[in-house]
S.K.: 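Got a structure for you, questions after.
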Amino acid sequence: MNSLLSPRLLEIAAQVENGASVIDVGSDHAYMPIYLVREKGAKRALATDVHDGPIQRSRENIEKFGLSGKVEAQKADGLLGVSTEDYDTVVIAGMGGLLIWEILSGAENLEGLRLILQPMTAIAELRQALLAHGFRIEKESIAEEGEKLYVILVASVGEDTPYTEAELLVGRKNRNHPLFAALCQNVSGKLSKRLEGILAGSLQNEAEIE
């Protein structure tokens with residue numbers, strides 16, 4: 001069963017508490033919900049996607065693994081029209097940070113939900129949006145897959161203390177993670193390349209350089 005999930009997805013699944021009830025947004029093949037029910041004792045799971053193709057694949061896989069009573073698939077744009085009443089955990093992974101925030105900000109009620117978020121881009125912007133709109137970041141983890149590092153945020157509704165600019169870029173709750181130093185080097189390298197590009201341009205923006 002583990003072979004269905006990549007190292008990135010396995011690390012995301014590791015953040016889900018045993019026995020949880022989970023909504024997996026943008027589930028694609030429903031492999032995450034299937035894994036969570038089979039391997040982590042999830043009570044129920046819902047796979048959502050905005051496209052018909054992934055929903056059909058999800059339903060086929062749910063039937064294949066004999067989980068029709070515990071895993072469902074629903075066509076939905078993010079969390080619009082999705083009832084979170086019977087769930088305690090929402091997973092949104094493999095999307096840009098700005099799209100993840102758009103999905104969260106469009107949801108009706110996230111109170112009491114554990115949010116497990118894995119942005120592919122705009123990680124600092126996602127952290128900033130969460131903190132600015134009444135969410136706290138409870139935990140962070142880092143996954144390594146091939147030569148890439150992926151940041152996973154665990155958040156919920158609640159107040160958090162302000163983050164420094166550096167903490168927005170690399171996180172605060174992941175400093176003891178074995179991959180934290182590598183993450184810092186990765187972020188530093190991207191900033192250096194961005195700065196080189198700005199300085200090489202004919203029109204230089206002092207604020208952007210700062």
S.K.: Just how far is it from atom CD of Glu108 to atom OG of Ser83, taken to the nearest 0.5 Å?
M.R.: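 So the CD of Glu108 and the OG of Ser83 are separated by 8.5 Å.
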
S.K.: Count I, L, V, M, F, W, Y as connected when their side-chain heavy atoms are under 4.5 Å apart, and connections chain through other members. Are Ile62 and Leu5 then in the same cluster?
M.R.: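 Ile62 clusters together with Leu5.
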
S.K.: Rounded to the nearest 0.5 Å, what's the gap from CD on Gln128 to CD1 on Ile123? Could you check?
M.R.: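 Interatomic distance, Gln128 CD to Ile123 CD1, rounded to 0.5 Å: 14.0 Å.
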
S.K.: Evaluate the side-chain proximity of Ile137 to Asp160: yes if any heavy-atom separation is below 4.5 Å, no if none is.
M.R.: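 They are in contact (side-chain heavy atoms under 4.5 Å apart), so the answer is yes.
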
S.K.: Do Ser156 and Glu138 have side chains that get closer than 4.5 Å, going by heavy atoms?
M.R.: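 A side-chain contact exists here, since the closest heavy-atom pair is under 4.5 Å.
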
S.K.: Tell me, please, whether Phe180 has Arg175 positioned over its six-membered ring: NZ or CZ under 6.0 Å from the ring centre and within 45 degrees of its axis?
M.R.: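 Geometry flag: not set, cation outside 6.0 Å or 45°.
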
S.K.: Give a yes or no on whether Glu145 atom CD has more than 12 heavy-atom contacts from other residues, nucleotides or ligands under 6.0 Å away.
M.R.: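 Enclosed: over 12 neighbouring heavy atoms sit under 6.0 Å from CD of Glu145.
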
S.K.: For Arg114 and Thr89, which I'm curious about, is there any donor-acceptor pair between the side chains at under 3.5 Å?
M.R.: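 No - no donor-acceptor pair under 3.5 Å links their side chains.
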
S.K.: Passes side-chain contact (heavy atoms from CB on, under 4.5 Å), Tyr150 versus Ile12? Steps please.
M.R.: CA-CA 10 Å; Tyr150 300 92; Ile12 294 166; over 6 Å; no

S.K.: Describe, in one word, how the ring planes of Trp101 and His133 are oriented to each other, choosing from parallel (under 30°), tilted (30 to 60°) and perpendicular (over 60°).
M.R.: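 Judged by the thresholds at 30° and 60°, the geometry between Trp101 and His133 is tilted.
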
S.K.: Any link between Leu191 and Leu126 through a network of hydrophobic side chains (Ile, Leu, Val, Met, Phe, Trp, Tyr) touching at under 4.5 Å?
M.R.: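 Same hydrophobic cluster.
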
S.K.: What are the two closest heavy atoms between Thr48 and Ala76, and how far apart are they?
M.R.: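 Shortest heavy-atom separation between Thr48 and Ala76 comes out as CB-CB, 4.4 Å.
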
S.K.: If we ignore angles and hydrogens, is there a donor and acceptor under 3.5 Å between the side chains of Arg172 and Thr164?
M.R.: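 Note: Arg172 and Thr164 side chains miss the donor-acceptor criterion.
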
S.K.: Quick check: closest heavy atoms across Val154 and Gln15, and the distance to 0.1 Å?
M.R.: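 It is CG2-CB, 4.1 Å.
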
S.K.: Evaluate Met95 against Val25 for side-chain contact (heavy atoms from CB on, under 4.5 Å), listing each step before the verdict.
M.R.: CA-CA 10 Å; Met95 305 179 195; Val25 177; 4.1 Å; yes

S.K.: Do side-chain atoms of Asp88 reach the backbone of Thr84 as a donor and acceptor pair under 3.5 angstrom?
M.R.: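 Flag not set: sc Asp88 to bb Thr84 has no pair under 3.5 Å.
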
S.K.: For the CZ atom of Arg44 and the CG atom of Leu36, what is their distance to the nearest 0.5 Å?
M.R.: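 Here the rounded value is 14.0 Å.
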
S.K.: If you measure from CD1 on Ile34 to OG on Ser27, what distance do you get to the nearest 0.5 Å?
M.R.: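 Spacing of CD1 (Ile34) from OG (Ser27) equals 8.0 Å.
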
S.K.: Donor-acceptor pair, distance only, cut-off 3.5 Å: does the side chain of Lys40 make one with the backbone of Val16?
M.R.: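 Confirmed, Lys40 side chain pairs with Val16 backbone.
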
S.K.: List the atom of Ile152, the atom of Ala143, and the distance in Å for their closest heavy-atom pair.
M.R.: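 Between these two residues, the closest heavy atoms are CD1-CB, 4.2 Å.
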
S.K.: Quick test of your reading of the model: are Asp49 and Lys75 salt-bridged, counting only N-O distances below 4.0 Å?
M.R.: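 No, no charged N to carboxylate O under 4.0 Å.
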
S.K.: Heavy atoms, side chains only, cut-off 4.5 Å: are Leu131 and Leu168 in contact?
M.R.: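 Result yes, sub-4.5 Å side-chain heavy-atom pair found.
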
S.K.: Applying the 4.5 Å side-chain criterion to the ILVMFWY set and letting contacts propagate, would Val22 and Leu110 be lumped into a single cluster?
M.R.: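 No, because Val22 and Leu110 fall into different hydrophobic clusters, even though each may have its own neighbours under 4.5 Å.
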
S.K.: For the residue pair Ile103 and Leu79, what are the closest heavy atoms and their distance?
M.R.: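 So the minimum-distance heavy-atom pair works out to CG2-N, 3.9 Å.
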
S.K.: Taking atom CD of Glu167 as the centre, does the number of heavy atoms from other residues, nucleotides or ligands within less than 6.0 Å exceed 12?
M.R.: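 It does: Glu167 CD has more than 12 such atoms within range.
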
S.K.: Run the side-chain contact (heavy atoms from CB on, under 4.5 Å) test on Leu9 and Met32 for me, step by step, so that the C-alpha distance in whole Å, both residues' side-chain angles and the decisive distance to 0.1 Å come before the verdict.
M.R.: CA-CA 7 Å; Leu9 293 177; Met32 176 69 74; 4.0 Å; yes

S.K.: Are the side chains of Val91 and Gln118 in contact, using a 4.5 Å heavy-atom criterion?
M.R.: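 They are not in contact (no side-chain heavy atoms under 4.5 Å apart), so the answer is no.
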
S.K.: Mind checking whether Ile92 and Ile116 have side chains closer than 4.5 Å, heavy atoms only?
M.R.: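 Counting from C-beta outward, Ile92 and Ile116 never come under 4.5 Å.
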
S.K.: Under a 4.5 Å cut-off applied to non-hydrogen side-chain atoms, are Gln74 and Val82 in contact?
M.R.: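 Yes - at least one pair of side-chain heavy atoms lies under 4.5 Å apart.
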
S.K.: Please lay out, stage by stage, how Leu46 and Asp24 fare under the test side-chain contact (heavy atoms from CB on, under 4.5 Å).
M.R.: CA-CA 6 Å; Leu46 176 64; Asp24 183 28; over 6 Å; no

S.K.: What distance do Glu39 atom CD and Leu10 atom CG have between them, rounded to the nearest 0.5 Å?
M.R.: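 So the gap between those two atoms works out to 9.5 Å.
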
S.K.: Testing the basics here: between Glu11 and Ile142, what is the closest heavy-atom pair and its distance to 0.1 Å?
M.R.: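 Looks like CG-O, 4.1 Å.
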
S.K.: Check for me, please, whether Tyr35 and Tyr87 land in the same ILVMFWY cluster - side-chain distances under 4.5 Å, paths through other members count.
M.R.: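 They do not share one cluster, since no chain of ILVMFWY contacts under 4.5 Å joins Tyr35 to Tyr87.
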
S.K.: Should Leu130 and Leu104 count as side-chain neighbours, where that means a heavy-atom distance under 4.5 Å?
M.R.: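 Yes, at least one pair of side-chain atoms sits under 4.5 Å.
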
S.K.: Does Arg38 count as lying over the ring of Phe65, i.e. NZ or CZ under 6.0 Å from the six-ring centre, within 45 degrees of the axis?
M.R.: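 The answer is no, since Arg38 fails at least one limit relative to Phe65.
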
S.K.: Taking atom OG of Ser21 and atom CG of Asp86, what is their separation to the nearest 0.5 Å?
M.R.: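 Result: 7.5 Å between the selected atoms.
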
S.K.: Is it true that a side-chain atom of His51 and a backbone atom of Gly53 form a donor plus acceptor pair closer than 3.5 Å?
M.R.: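 Between the backbone of Gly53 and the side chain of His51 there is no qualifying donor-acceptor contact (under 3.5 Å).
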
S.K.: Does Ser188 reach the main-chain N or O of Cys184 with its side chain, forming a donor-acceptor pair under 3.5 Å?
M.R.: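 Flag not set: sc Ser188 to bb Cys184 has no pair under 3.5 Å.
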
S.K.: Ignoring hydrogens, what is the shortest heavy-atom contact between Asn61 and Tyr31? Give both atom names and the distance.
M.R.: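 Closest heavy-atom pair between Asn61 and Tyr31: ND2-CE2, 3.5 Å.
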
S.K.: May I ask you to check whether over 12 heavy atoms, not counting those of Glu60, lie within 6.0 Å of atom CD?
M.R.: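 Yes, CD of Glu60 has more than 12 neighbouring heavy atoms, counting only those of other groups under 6.0 Å.
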
S.K.: If you define the side chain from C-beta out and look only at heavy atoms, does anything of Val151 sit under 4.5 Å from Arg127?
M.R.: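 The answer is yes, as the side chains (C-beta and beyond) meet within the 4.5 Å cut-off.
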
S.K.: Is a side-chain donor-acceptor pair under 3.5 Å present for Glu63 with Ser68?
M.R.: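 Note: Ser68 and Glu63 side chains miss the donor-acceptor criterion.
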
